[in-house]
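All residue numbers refer to positions in the sequence shown, counting from 1. For clarity, every value in this text was computed on a predicted model and none was experimentally measured.
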Amino acid sequence: MAKEKEKKKAYLAMAAAFACVLSAGLLLLLAALLLFGGNKDQEALTADSEGASVRDEGLPEDGEEDPQADLEPEEEGVSTELLKPKEVEGETDDITLGVDVSKFQETIDWEQVAAAGVDFAMVRTGYRKSVAGEIVEDECARYNLQEAAEHGVRLGAYFFSTAVSEAEALEEADWVCEFLKGYPITYPVVYNCEGFQDETSRQYGMTVEERSALAQVFLNRVEEAGYTGMFYAARSELQDSLFWDTEALEQRYRIWVAQYLDQVYPDIDGPEYDGSFAMWQYTDQGTVPGIRTVVDLNVAYFGYEETARALEEGAAGQVEADPEVGVIFTEVSEQVTSKDVTNLRSTMEQGDDGNVTAQLRNGEACTRTGVGNNGWSRVEYDGQVLYAVSGYLTTDLSYVTPASEPDDGFKTQFTAVTENVTAKDVTNLRNRPSVEAPSEVIVQLNHGEVIVRTGVSEPGWSRVEYNGQMLYCISSYLEVVE
(Lines give C-alpha, C1' and ligand atoms only; values in the text may rest on other atoms or scores of the structure.)
Protein backbone atom coordinates (compact mmCIF):
# COMPACT_ATOMS: atom_id res chain seq x y z
CA MET A 1 0.00 0.00 0.00
CA ALA A 2 2.87 2.44 0.88
CA LYS A 3 4.62 1.67 -2.44
CA GLU A 4 1.41 2.39 -4.38
CA LYS A 5 1.14 5.82 -2.67
CA GLU A 6 4.76 6.64 -3.52
CA LYS A 7 4.18 5.76 -7.19
CA LYS A 8 1.08 7.97 -7.31
CA LYS A 9 2.99 10.96 -5.85
CA ALA A 10 5.81 10.56 -8.37
CA TYR A 11 3.31 10.40 -11.25
CA LEU A 12 1.53 13.61 -10.15
CA ALA A 13 4.85 15.44 -9.79
CA MET A 14 5.83 14.52 -13.37
CA ALA A 15 2.42 15.70 -14.72
CA ALA A 16 2.76 19.08 -12.96
CA ALA A 17 6.27 19.57 -14.37
CA PHE A 18 5.05 18.80 -17.90
CA ALA A 19 2.17 21.34 -17.57
CA CYS A 20 4.62 24.06 -16.53
CA VAL A 21 6.85 23.42 -19.52
CA LEU A 22 3.84 23.46 -21.91
CA SER A 23 2.54 26.77 -20.49
CA ALA A 24 5.94 28.41 -20.88
CA GLY A 25 6.12 27.29 -24.51
CA LEU A 26 2.70 28.71 -25.32
CA LEU A 27 3.63 32.05 -23.79
CA LEU A 28 6.79 32.25 -25.93
CA LEU A 29 4.79 31.42 -29.09
CA LEU A 30 2.17 34.11 -28.35
CA ALA A 31 4.87 36.74 -27.80
CA ALA A 32 6.44 35.89 -31.16
CA LEU A 33 3.12 36.17 -32.98
CA LEU A 34 2.36 39.55 -31.42
CA LEU A 35 5.79 40.85 -32.38
CA PHE A 36 5.45 39.62 -35.97
CA GLY A 37 1.87 40.89 -36.36
CA GLY A 38 2.70 44.33 -34.94
CA ASN A 39 5.45 44.77 -37.52
CA LYS A 40 3.07 43.85 -40.36
CA ASP A 41 0.41 46.35 -39.14
CA GLN A 42 3.05 49.05 -38.96
CA GLU A 43 4.14 48.28 -42.52
CA ALA A 44 0.54 48.35 -43.76
CA LEU A 45 0.03 51.84 -42.39
CA THR A 46 3.18 53.21 -44.02
CA ALA A 47 2.33 55.04 -47.25
CA ASP A 48 4.38 54.43 -50.39
CA SER A 49 5.98 57.20 -52.49
CA GLU A 50 2.76 57.76 -54.53
CA GLY A 51 0.63 58.39 -51.44
CA ALA A 52 -1.23 55.04 -51.45
CA SER A 53 -1.04 52.72 -48.44
CA VAL A 54 0.35 49.23 -48.74
CA ARG A 55 -3.17 47.88 -47.95
CA ASP A 56 -4.51 49.52 -51.13
CA GLU A 57 -2.45 47.17 -53.24
CA GLY A 58 -5.01 44.44 -52.66
CA LEU A 59 -8.05 46.51 -53.86
CA PRO A 60 -9.54 45.80 -57.31
CA GLU A 61 -9.00 48.19 -60.19
CA ASP A 62 -11.95 50.20 -61.57
CA GLY A 63 -14.34 47.82 -63.28
CA GLU A 64 -13.07 44.74 -61.43
CA GLU A 65 -15.33 42.81 -59.12
CA ASP A 66 -14.51 43.24 -55.44
CA PRO A 67 -14.58 39.81 -53.79
CA GLN A 68 -15.56 41.49 -50.49
CA ALA A 69 -18.45 43.49 -51.94
CA ASP A 70 -21.17 41.02 -51.01
CA LEU A 71 -20.02 40.48 -47.47
CA GLU A 72 -22.11 41.98 -44.66
CA PRO A 73 -20.29 44.80 -42.80
CA GLU A 74 -19.14 44.03 -39.30
CA GLU A 75 -21.54 45.21 -36.61
CA GLU A 76 -18.89 47.22 -34.79
CA GLY A 77 -17.91 50.51 -36.38
CA VAL A 78 -20.73 50.65 -38.96
CA SER A 79 -22.48 54.06 -38.95
CA THR A 80 -26.08 54.38 -40.19
CA GLU A 81 -27.56 57.85 -40.74
CA LEU A 82 -30.65 58.26 -38.54
CA LEU A 83 -33.89 59.28 -40.20
CA LYS A 84 -35.24 62.66 -39.15
CA PRO A 85 -38.09 64.99 -40.11
CA LYS A 86 -37.61 67.24 -43.11
CA GLU A 87 -35.71 70.45 -42.42
CA VAL A 88 -37.63 73.51 -43.64
CA GLU A 89 -35.89 76.75 -44.47
CA GLY A 90 -37.35 79.66 -42.55
CA GLU A 91 -38.97 77.50 -39.87
CA THR A 92 -38.76 79.01 -36.37
CA ASP A 93 -39.34 77.77 -32.84
CA ASP A 94 -42.15 80.29 -32.30
CA ILE A 95 -45.39 78.99 -30.80
CA THR A 96 -48.32 79.57 -33.18
CA LEU A 97 -52.06 79.05 -32.79
CA GLY A 98 -54.42 77.57 -35.34
CA VAL A 99 -57.68 75.88 -36.25
CA ASP A 100 -58.47 72.86 -38.39
CA VAL A 101 -61.60 73.15 -40.51
CA SER A 102 -63.78 71.29 -42.99
CA LYS A 103 -67.28 71.59 -44.40
CA PHE A 104 -68.63 70.92 -40.90
CA GLN A 105 -67.63 74.46 -39.91
CA GLU A 106 -69.91 75.70 -42.71
CA THR A 107 -69.11 79.04 -44.38
CA ILE A 108 -66.41 80.84 -42.39
CA ASP A 109 -65.81 84.58 -42.14
CA TRP A 110 -62.01 84.48 -42.44
CA GLU A 111 -61.64 88.22 -41.88
CA GLN A 112 -62.99 87.78 -38.36
CA VAL A 113 -60.90 84.66 -37.80
CA ALA A 114 -57.72 86.51 -38.74
CA ALA A 115 -58.65 89.47 -36.53
CA ALA A 116 -59.10 87.06 -33.60
CA GLY A 117 -55.38 86.19 -33.74
CA VAL A 118 -55.45 82.83 -35.50
CA ASP A 119 -52.03 82.23 -37.09
CA PHE A 120 -52.74 79.20 -39.26
CA ALA A 121 -55.50 76.95 -40.57
CA MET A 122 -55.24 73.25 -41.34
CA VAL A 123 -57.81 72.83 -44.12
CA ARG A 124 -59.30 69.48 -45.06
CA THR A 125 -58.85 69.06 -48.80
CA GLY A 126 -60.89 65.88 -49.10
CA TYR A 127 -61.36 62.30 -48.03
CA ARG A 128 -61.68 58.76 -49.34
CA LYS A 129 -65.03 57.17 -48.47
CA SER A 130 -64.66 54.47 -45.84
CA VAL A 131 -66.84 51.93 -47.65
CA ALA A 132 -66.99 52.79 -51.36
CA GLY A 133 -63.39 54.02 -51.53
CA GLU A 134 -64.13 57.03 -53.72
CA ILE A 135 -62.03 60.22 -53.25
CA VAL A 136 -64.26 63.22 -52.52
CA GLU A 137 -63.32 66.90 -52.38
CA ASP A 138 -64.34 68.77 -49.22
CA GLU A 139 -67.12 71.16 -50.20
CA CYS A 140 -65.49 74.12 -48.44
CA ALA A 141 -61.82 73.38 -49.15
CA ARG A 142 -61.26 75.79 -52.05
CA TYR A 143 -63.15 78.61 -50.35
CA ASN A 144 -61.36 78.07 -47.03
CA LEU A 145 -57.90 77.98 -48.67
CA GLN A 146 -58.67 81.03 -50.78
CA GLU A 147 -60.19 83.21 -48.05
CA ALA A 148 -57.81 82.23 -45.25
CA ALA A 149 -54.81 83.07 -47.43
CA GLU A 150 -56.37 86.34 -48.57
CA HIS A 151 -56.77 87.46 -44.95
CA GLY A 152 -53.25 86.52 -43.86
CA VAL A 153 -53.94 83.19 -42.16
CA ARG A 154 -51.16 80.78 -43.13
CA LEU A 155 -52.22 77.50 -44.66
CA GLY A 156 -51.66 73.84 -43.91
CA ALA A 157 -53.81 70.98 -45.16
CA TYR A 158 -54.92 67.46 -44.35
CA PHE A 159 -56.50 64.51 -46.12
CA PHE A 160 -58.68 61.82 -44.54
CA SER A 161 -57.38 58.51 -45.86
CA THR A 162 -58.89 55.04 -46.02
CA ALA A 163 -56.25 53.62 -48.37
CA VAL A 164 -55.85 49.84 -48.36
CA SER A 165 -52.92 49.55 -50.77
CA GLU A 166 -49.75 51.38 -51.74
CA ALA A 167 -51.36 52.32 -55.05
CA GLU A 168 -54.27 53.97 -53.23
CA ALA A 169 -51.96 55.84 -50.83
CA LEU A 170 -50.02 57.19 -53.82
CA GLU A 171 -53.28 58.10 -55.56
CA GLU A 172 -54.39 60.07 -52.50
CA ALA A 173 -51.07 61.89 -52.20
CA ASP A 174 -51.02 62.79 -55.90
CA TRP A 175 -54.61 64.01 -55.68
CA VAL A 176 -53.78 66.24 -52.70
CA CYS A 177 -50.63 67.67 -54.32
CA GLU A 178 -52.52 68.48 -57.50
CA PHE A 179 -55.32 70.09 -55.48
CA LEU A 180 -52.94 72.26 -53.42
CA LYS A 181 -50.51 73.39 -56.11
CA GLY A 182 -52.19 76.79 -56.58
CA TYR A 183 -52.27 77.73 -52.89
CA PRO A 184 -49.49 79.08 -50.61
CA ILE A 185 -49.10 76.06 -48.31
CA THR A 186 -46.73 77.08 -45.52
CA TYR A 187 -47.62 74.59 -42.76
CA PRO A 188 -47.43 70.81 -43.21
CA VAL A 189 -49.63 68.54 -45.33
CA VAL A 190 -51.10 65.91 -43.03
CA TYR A 191 -52.09 62.25 -43.28
CA ASN A 192 -55.23 61.63 -41.20
CA CYS A 193 -56.67 58.11 -40.80
CA GLU A 194 -59.47 57.20 -38.38
CA GLY A 195 -62.33 54.75 -38.00
CA PHE A 196 -60.31 51.71 -39.06
CA GLN A 197 -61.64 49.70 -36.12
CA ASP A 198 -65.19 49.99 -37.43
CA GLU A 199 -66.26 46.73 -39.05
CA THR A 200 -67.80 48.69 -41.96
CA SER A 201 -64.47 50.36 -42.77
CA ARG A 202 -62.58 49.06 -45.77
CA GLN A 203 -59.45 49.20 -43.56
CA TYR A 204 -60.91 46.87 -40.94
CA GLY A 205 -58.52 44.04 -40.15
CA MET A 206 -55.37 45.75 -41.43
CA THR A 207 -52.35 45.45 -39.15
CA VAL A 208 -50.50 48.29 -37.45
CA GLU A 209 -47.55 47.71 -39.78
CA GLU A 210 -49.71 47.74 -42.93
CA ARG A 211 -51.48 50.99 -42.08
CA SER A 212 -48.27 52.68 -40.93
CA ALA A 213 -46.54 51.71 -44.15
CA LEU A 214 -49.32 53.33 -46.21
CA ALA A 215 -49.05 56.52 -44.15
CA GLN A 216 -45.34 56.66 -45.00
CA VAL A 217 -46.04 56.08 -48.70
CA PHE A 218 -48.46 59.04 -48.67
CA LEU A 219 -46.13 61.35 -46.74
CA ASN A 220 -43.06 60.45 -48.78
CA ARG A 221 -44.87 61.41 -51.97
CA VAL A 222 -46.11 64.66 -50.41
CA GLU A 223 -42.55 65.60 -49.44
CA GLU A 224 -41.27 64.69 -52.90
CA ALA A 225 -43.72 67.29 -54.23
CA GLY A 226 -42.17 69.98 -52.02
CA TYR A 227 -44.46 70.01 -48.99
CA THR A 228 -43.70 69.09 -45.37
CA GLY A 229 -45.23 65.82 -44.20
CA MET A 230 -47.03 65.43 -40.88
CA PHE A 231 -48.91 62.53 -39.29
CA TYR A 232 -52.08 63.05 -37.18
CA ALA A 233 -53.52 60.66 -34.59
CA ALA A 234 -55.02 60.61 -31.12
CA ARG A 235 -52.66 60.25 -28.18
CA SER A 236 -54.32 56.95 -27.24
CA GLU A 237 -53.48 55.51 -30.68
CA LEU A 238 -49.85 56.69 -30.68
CA GLN A 239 -48.90 55.87 -27.09
CA ASP A 240 -46.91 52.62 -26.86
CA SER A 241 -47.44 52.10 -30.62
CA LEU A 242 -50.91 50.73 -29.88
CA PHE A 243 -52.39 51.40 -33.34
CA TRP A 244 -49.47 52.89 -35.29
CA ASP A 245 -45.75 52.20 -35.67
CA THR A 246 -45.13 55.37 -33.70
CA GLU A 247 -41.36 55.08 -33.48
CA ALA A 248 -40.94 54.81 -37.26
CA LEU A 249 -43.34 57.70 -37.92
CA GLU A 250 -41.72 59.96 -35.30
CA GLN A 251 -38.27 59.40 -36.79
CA ARG A 252 -39.33 60.59 -40.22
CA TYR A 253 -42.21 63.08 -39.88
CA ARG A 254 -43.66 65.73 -37.62
CA ILE A 255 -46.40 64.40 -35.35
CA TRP A 256 -49.72 66.14 -34.68
CA VAL A 257 -51.24 64.61 -31.56
CA ALA A 258 -54.83 65.03 -30.37
CA GLN A 259 -55.72 64.85 -26.69
CA TYR A 260 -58.54 66.69 -24.91
CA LEU A 261 -57.91 67.35 -21.23
CA ASP A 262 -59.75 69.26 -18.50
CA GLN A 263 -57.24 72.07 -18.97
CA VAL A 264 -56.28 73.50 -22.34
CA TYR A 265 -53.49 75.59 -23.79
CA PRO A 266 -52.12 77.95 -22.47
CA ASP A 267 -53.16 76.78 -18.98
CA ILE A 268 -51.01 73.73 -19.68
CA ASP A 269 -48.14 73.50 -22.14
CA GLY A 270 -48.92 70.23 -23.87
CA PRO A 271 -50.62 66.83 -23.85
CA GLU A 272 -49.85 63.86 -21.61
CA TYR A 273 -47.84 62.14 -24.31
CA ASP A 274 -44.41 60.53 -23.98
CA GLY A 275 -43.44 60.66 -27.66
CA SER A 276 -42.19 63.52 -29.77
CA PHE A 277 -44.74 65.87 -31.33
CA ALA A 278 -44.82 69.22 -33.10
CA MET A 279 -48.51 70.15 -32.86
CA TRP A 280 -51.24 69.55 -30.29
CA GLN A 281 -54.98 69.55 -30.98
CA TYR A 282 -56.19 70.42 -27.50
CA THR A 283 -59.98 70.78 -27.91
CA ASP A 284 -62.77 70.05 -30.35
CA GLN A 285 -65.11 72.51 -28.64
CA GLY A 286 -63.35 75.77 -29.41
CA THR A 287 -65.12 78.99 -30.34
CA VAL A 288 -63.62 81.56 -32.70
CA PRO A 289 -65.23 84.75 -34.06
CA GLY A 290 -66.24 84.18 -37.68
CA ILE A 291 -66.90 80.43 -37.21
CA ARG A 292 -70.53 79.66 -36.36
CA THR A 293 -69.91 76.12 -35.12
CA VAL A 294 -67.50 74.73 -32.56
CA VAL A 295 -64.04 74.14 -34.01
CA ASP A 296 -60.83 72.24 -33.22
CA LEU A 297 -58.08 74.42 -31.73
CA ASN A 298 -54.37 73.69 -32.06
CA VAL A 299 -51.01 74.90 -30.85
CA ALA A 300 -47.95 74.37 -33.06
CA TYR A 301 -44.54 74.46 -31.45
CA PHE A 302 -43.06 76.00 -34.58
CA GLY A 303 -43.71 78.85 -36.98
CA TYR A 304 -42.29 80.39 -40.15
CA GLU A 305 -40.44 83.55 -41.02
CA GLU A 306 -42.61 84.12 -44.08
CA THR A 307 -45.49 82.68 -46.05
CA ALA A 308 -44.64 80.10 -48.70
CA ARG A 309 -45.37 80.67 -52.36
CA ALA A 310 -47.77 78.48 -54.31
CA LEU A 311 -46.00 75.75 -56.26
CA GLU A 312 -47.91 76.86 -59.36
CA GLU A 313 -49.05 80.49 -59.34
CA GLY A 314 -52.48 81.03 -60.87
CA ALA A 315 -53.51 77.37 -60.65
CA ALA A 316 -56.30 78.05 -58.11
CA GLY A 317 -59.47 79.54 -59.55
CA GLN A 318 -61.64 82.03 -57.66
CA VAL A 319 -64.65 80.47 -55.92
CA GLU A 320 -67.71 81.73 -54.07
CA ALA A 321 -69.02 80.45 -50.75
CA ASP A 322 -71.57 77.65 -50.96
CA PRO A 323 -74.61 78.85 -48.95
CA GLU A 324 -75.92 75.29 -48.53
CA VAL A 325 -72.85 73.82 -46.85
CA GLY A 326 -73.79 71.71 -43.84
CA VAL A 327 -77.50 71.59 -44.69
CA ILE A 328 -79.26 68.45 -45.90
CA PHE A 329 -82.08 69.24 -48.30
CA THR A 330 -85.01 67.05 -49.21
CA GLU A 331 -85.52 67.79 -52.89
CA VAL A 332 -89.05 68.85 -53.84
CA SER A 333 -90.78 70.70 -56.64
CA GLU A 334 -93.89 72.48 -55.38
CA GLN A 335 -95.61 75.83 -55.47
CA VAL A 336 -95.69 77.79 -52.21
CA THR A 337 -96.89 81.15 -51.03
CA SER A 338 -96.16 83.26 -47.98
CA LYS A 339 -98.43 83.13 -44.96
CA ASP A 340 -97.93 86.88 -44.72
CA VAL A 341 -94.83 88.70 -46.03
CA THR A 342 -91.61 86.67 -46.08
CA ASN A 343 -88.07 87.82 -46.75
CA LEU A 344 -86.25 85.82 -49.42
CA ARG A 345 -82.52 85.82 -48.65
CA SER A 346 -79.31 84.99 -50.48
CA THR A 347 -78.06 83.03 -47.45
CA MET A 348 -79.75 81.14 -44.63
CA GLU A 349 -79.02 83.75 -41.97
CA GLN A 350 -81.30 86.08 -40.07
CA GLY A 351 -80.58 89.12 -37.98
CA ASP A 352 -79.03 91.27 -40.71
CA ASP A 353 -81.17 92.35 -43.64
CA GLY A 354 -78.12 92.76 -45.88
CA ASN A 355 -78.88 89.37 -47.45
CA VAL A 356 -82.58 90.12 -48.17
CA THR A 357 -82.99 90.02 -51.95
CA ALA A 358 -86.80 90.03 -52.33
CA GLN A 359 -90.07 89.61 -50.44
CA LEU A 360 -92.76 87.04 -51.09
CA ARG A 361 -96.28 88.20 -50.23
CA ASN A 362 -99.37 86.21 -49.36
CA GLY A 363 -101.09 85.03 -52.55
CA GLU A 364 -97.92 85.33 -54.64
CA ALA A 365 -96.44 81.95 -55.63
CA CYS A 366 -92.92 80.70 -56.25
CA THR A 367 -91.34 77.25 -56.64
CA ARG A 368 -89.83 75.51 -53.63
CA THR A 369 -87.06 73.13 -54.70
CA GLY A 370 -85.78 71.93 -51.33
CA VAL A 371 -86.68 71.69 -47.64
CA GLY A 372 -83.63 71.84 -45.38
CA ASN A 373 -83.09 70.05 -42.11
CA ASN A 374 -82.33 73.43 -40.52
CA GLY A 375 -85.81 74.97 -40.89
CA TRP A 376 -85.10 76.74 -44.20
CA SER A 377 -86.49 76.26 -47.70
CA ARG A 378 -84.75 76.78 -51.02
CA VAL A 379 -86.95 78.58 -53.56
CA GLU A 380 -86.71 79.84 -57.11
CA TYR A 381 -87.97 83.40 -57.40
CA ASP A 382 -87.60 85.67 -60.41
CA GLY A 383 -84.81 83.46 -61.81
CA GLN A 384 -82.80 83.45 -58.57
CA VAL A 385 -82.10 80.73 -56.00
CA LEU A 386 -83.05 82.19 -52.61
CA TYR A 387 -83.90 80.97 -49.11
CA ALA A 388 -86.82 81.48 -46.72
CA VAL A 389 -87.80 80.21 -43.29
CA SER A 390 -89.94 77.15 -43.98
CA GLY A 391 -92.49 78.05 -41.31
CA TYR A 392 -93.39 81.24 -43.17
CA LEU A 393 -94.40 79.34 -46.31
CA THR A 394 -97.36 77.13 -47.20
CA THR A 395 -98.32 74.91 -50.12
CA ASP A 396 -101.93 76.02 -49.61
CA LEU A 397 -102.06 78.68 -52.30
CA SER A 398 -105.54 79.72 -51.07
CA TYR A 399 -104.22 80.54 -47.60
CA VAL A 400 -105.20 84.01 -46.42
CA THR A 401 -103.30 85.92 -43.76
CA PRO A 402 -105.43 86.27 -40.62
CA ALA A 403 -106.83 89.74 -40.11
CA SER A 404 -105.26 90.12 -36.67
CA GLU A 405 -103.02 88.32 -34.23
CA PRO A 406 -103.59 88.06 -30.48
CA ASP A 407 -101.59 90.65 -28.57
CA ASP A 408 -99.18 88.87 -26.22
CA GLY A 409 -97.73 92.11 -24.89
CA PHE A 410 -94.35 91.77 -26.66
CA LYS A 411 -92.93 93.85 -29.48
CA THR A 412 -92.05 90.72 -31.46
CA GLN A 413 -94.55 90.21 -34.29
CA PHE A 414 -95.56 86.64 -35.06
CA THR A 415 -97.03 85.19 -38.23
CA ALA A 416 -99.75 82.69 -37.37
CA VAL A 417 -99.08 79.02 -38.14
CA THR A 418 -100.49 75.72 -36.93
CA GLU A 419 -98.01 72.84 -37.11
CA ASN A 420 -96.57 70.11 -34.98
CA VAL A 421 -92.92 70.52 -33.99
CA THR A 422 -90.32 68.84 -31.81
CA ALA A 423 -86.86 69.76 -30.60
CA LYS A 424 -83.87 68.81 -32.74
CA ASP A 425 -82.13 67.89 -29.50
CA VAL A 426 -83.06 69.56 -26.21
CA THR A 427 -84.57 73.04 -26.42
CA ASN A 428 -85.40 75.65 -23.78
CA LEU A 429 -88.99 76.96 -23.79
CA ARG A 430 -89.13 80.48 -22.32
CA ASN A 431 -91.78 82.85 -21.04
CA ARG A 432 -90.54 85.60 -23.39
CA PRO A 433 -89.11 85.60 -26.95
CA SER A 434 -85.66 86.60 -25.69
CA VAL A 435 -82.60 85.04 -24.04
CA GLU A 436 -82.01 88.09 -21.86
CA ALA A 437 -83.53 88.83 -18.45
CA PRO A 438 -86.31 88.99 -17.45
CA SER A 439 -86.81 86.02 -19.84
CA GLU A 440 -86.81 82.71 -17.96
CA VAL A 441 -86.61 79.08 -18.98
CA ILE A 442 -89.90 77.45 -18.00
CA VAL A 443 -89.31 73.93 -19.30
CA GLN A 444 -87.13 71.97 -21.70
CA LEU A 445 -88.50 70.23 -24.77
CA ASN A 446 -86.81 66.95 -25.70
CA HIS A 447 -86.50 65.43 -29.15
CA GLY A 448 -89.57 63.31 -29.88
CA GLU A 449 -91.88 65.40 -27.66
CA VAL A 450 -94.43 66.93 -30.03
CA ILE A 451 -96.06 70.31 -29.38
CA VAL A 452 -98.01 72.80 -31.51
CA ARG A 453 -96.32 75.88 -32.96
CA THR A 454 -98.79 78.72 -33.35
CA GLY A 455 -96.55 81.50 -34.64
CA VAL A 456 -93.16 82.36 -36.12
CA SER A 457 -91.35 85.69 -36.08
CA GLU A 458 -88.86 87.15 -38.53
CA PRO A 459 -86.15 87.54 -35.84
CA GLY A 460 -86.16 83.75 -35.53
CA TRP A 461 -88.51 82.95 -32.61
CA SER A 462 -91.42 80.49 -32.45
CA ARG A 463 -94.53 80.73 -30.31
CA VAL A 464 -95.66 77.32 -29.03
CA GLU A 465 -98.33 75.77 -26.83
CA TYR A 466 -97.00 73.52 -24.07
CA ASN A 467 -99.36 72.03 -21.47
CA GLY A 468 -101.76 74.93 -21.90
CA GLN A 469 -99.03 77.59 -21.67
CA MET A 470 -97.93 79.99 -24.40
CA LEU A 471 -94.13 79.78 -24.50
CA TYR A 472 -91.33 80.78 -26.88
CA CYS A 473 -88.36 79.04 -28.46
CA ILE A 474 -85.64 79.82 -31.00
CA SER A 475 -87.02 78.55 -34.31
CA SER A 476 -83.81 76.96 -35.55
CA TYR A 477 -83.87 74.57 -32.56
CA LEU A 478 -87.18 73.05 -33.71
CA GLU A 479 -88.14 70.76 -36.56
CA VAL A 480 -91.55 70.15 -38.10
CA VAL A 481 -93.15 66.77 -37.46
CA GLU A 482 -95.16 65.60 -40.46
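In this structure, Phe104 and Thr293 have side chains that are not in contact, with every pair of non-hydrogen atoms separated by 4.5 Å or more. Using a 4.5 Å cut-off on side-chain heavy atoms (C-beta onward), Leu478 and Leu445 make contact. In this structure, the side chains of Gln216 and Tyr191 stay at 4.5 Å or more apart for every pair of heavy atoms. Contact annotation: the side chain of Gln203 never approaches that of Glu210 to less than 4.5 Å [non-hydrogen atoms, C-beta and beyond]. Between Met206 and Val164, some side-chain heavy-atom pair lies under the 4.5 Å cut-off. Counting heavy atoms from C-beta on, the side chains of Glu324 and Met348 come closer than 4.5 Å. Counting heavy atoms from C-beta on, the side chains of Phe160 and Asp138 never come closer than 4.5 Å. Between Ile451 and Leu429, some side-chain heavy-atom pair lies under the 4.5 Å cut-off.
A ring pair (Phe, Tyr, Trp, His ring centres under 6.0 Å) check over residues 363-396, counting only residues at least two apart or in different chains, returns nothing.
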Stepwise, does the side-chain hydrogen bond (donor to acceptor under 3.5 Å, both in side chains) test hold for Tyr399 with Thr337? CA-CA 8 Å; Tyr399 181 91; Thr337 188; over 6 Å; no

Check the pair Asn298, Trp256 against side-chain hydrogen bond (donor to acceptor under 3.5 Å, both in side chains), reporting the backbone distance first and the verdict last. CA-CA 9 Å; Asn298 304 277; Trp256 178 10; 3.0 Å; yes

Given the rule in the side-chain contact (heavy atoms from CB on, under 4.5 Å) test, do Cys193 and Thr162 qualify, once you have shown the distances and angles that lead to the verdict? CA-CA 6 Å; Cys193 177; Thr162 61; over 6 Å; no

Given the rule in the side-chain hydrogen bond (donor to acceptor under 3.5 Å, both in side chains) test, do Asp198 and Thr200 qualify, once you have shown the distances and angles that lead to the verdict? CA-CA 5 Å; Asp198 191 328; Thr200 62; 3.0 Å; yes

Report the C-alpha distance between Phe243 and Phe196 in whole Å, list the side-chain angles of each, state the deciding distance to 0.1 Å, and finish with yes or no for side-chain contact (heavy atoms from CB on, under 4.5 Å). CA-CA 10 Å; Phe243 290 109; Phe196 43 80; 4.0 Å; yes

side-chain contact (heavy atoms from CB on, under 4.5 Å) assessment of Tyr158 paired with Arg124: CA-CA 5 Å; Tyr158 71 97; Arg124 186 175 78 162; 3.3 Å; yes

side-chain contact (heavy atoms from CB on, under 4.5 Å) evaluation trace for Thr369 with Val385: CA-CA 9 Å; Thr369 61; Val385 175; 5.8 Å; no

Go through Glu349 and Asn355 one step at a time and tell me if the side-chain hydrogen bond (donor to acceptor under 3.5 Å, both in side chains) criterion holds. CA-CA 8 Å; Glu349 297 174 286; Asn355 61 351; 4.9 Å; no

Name every donor-acceptor pair, under 3.5 Å, that has one atom in a side chain of residues 269-278 and the other anywhere in the protein, sequence neighbours excluded.
{"from": "Tyr273", "atom 1": "OH", "to": "Glu250", "atom 2": "OE2", "distance (Å)": "2.8"}
{"from": "Asp274", "atom 1": "OD2", "to": "Gln239", "atom 2": "NE2", "distance (Å)": "2.9"}

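Closest approach of Lys339 to Gly391, counting heavy atoms only: NZ-O, 2.9 Å. In terms of heavy atoms, Leu360 sits closest to Cys366 at CD2-SG, 3.8 Å. Closest non-hydrogen pair, Val325 versus Cys140, comes out as CG1-SG, 3.3 Å. Between Leu145 and Leu155, the shortest heavy-atom contact is O-CD1, 3.6 Å. Taking each heavy atom of Leu219 and Val189 in turn, the nearest pair found is CD2-O, 3.9 Å. Of all the heavy atoms in Cys177 and Ala225, the pair that sits closest is SG-CB, 3.5 Å.
For the pair Arg202 and Glu168, the salt-bridge criterion is met [side-chain N within less than 4.0 Å of a carboxylate O]. For Arg345 and Asp353, the salt-bridge test passes: some basic side-chain N is under 4.0 Å from an acidic carboxylate O. With respect to the salt-bridge test (charged N to carboxylate O, under 4.0 angstrom), the residues Glu334 and Arg368 qualify. By the 4.0 Å N-to-carboxylate-O rule, Arg221 lies too far from Glu172 to be salt-bridged with it.
Other residues, nucleotides and ligands contribute over 12 non-hydrogen atoms within 6.0 Å of the CD atom of Gln259. Within 6.0 Å of CD on Glu166 lie no more than 12 heavy atoms contributed by other residues, nucleotides or ligands. By the 6.0 Å contact criterion, CD on Glu331 is enclosed, its count of non-hydrogen atoms from other residues, nucleotides or ligands being greater than 12. Counting non-hydrogen atoms of other residues, nucleotides and ligands closer than 6.0 Å to CD of Gln469 gives a total above 12. Environment of CD in Glu313: crowded, with over 12 heavy atoms of neighbouring residues, nucleotides or ligands closer than 6.0 Å. Within a 6.0 Å radius of CZ in Arg361, no more than 12 heavy atoms belonging to other residues, nucleotides or ligands are found.
Between the side chains of Ser377 and Ser390, at least one donor N or O sits under 3.5 Å from an acceptor N or O. If you check the side chains of Ser475 and Ser462, you find a donor sitting under 3.5 Å from an acceptor. A donor and an acceptor atom, one from each side chain of Tyr183 and Gln146, are nowhere located under 3.5 Å apart. Checked by atom type, the side-chain pair Gln335/Thr367 shows a donor-acceptor distance below 3.5 Å.
Classified by interplanar angle (parallel below 30°, tilted 30° to 60°, perpendicular above 60°), the ring pair Tyr187/Phe302 is tilted. Between Phe159 and Phe218, the angle of the ring planes stays under 30°, which puts this pair in the parallel group of the 30/60° scheme.
Trp461 meets the ring pair (Phe, Tyr, Trp, His ring centres under 6.0 Å) test with no other residue; sequence neighbours excluded.
Going from atom CD of Glu139 over to atom CG of Asn144 covers 11.5 Å, rounded to the nearest 0.5 Å.
Judged by distance alone, with hydrogens and angles left aside, the side-chain atoms of Thr92 form no donor-acceptor pair with the main-chain N or O of Glu305 at under 3.5 Å.
Test Arg252, Arg254, Lys86 against Glu223 for salt bridge (charged side-chain N to carboxylate O under 4.0 Å, His left out) and you get one pass: Arg252.
Judged by a 6.0 Å distance limit and a 45° cone about the ring axis, Arg378 is positioned over the six-membered ring of Phe329.
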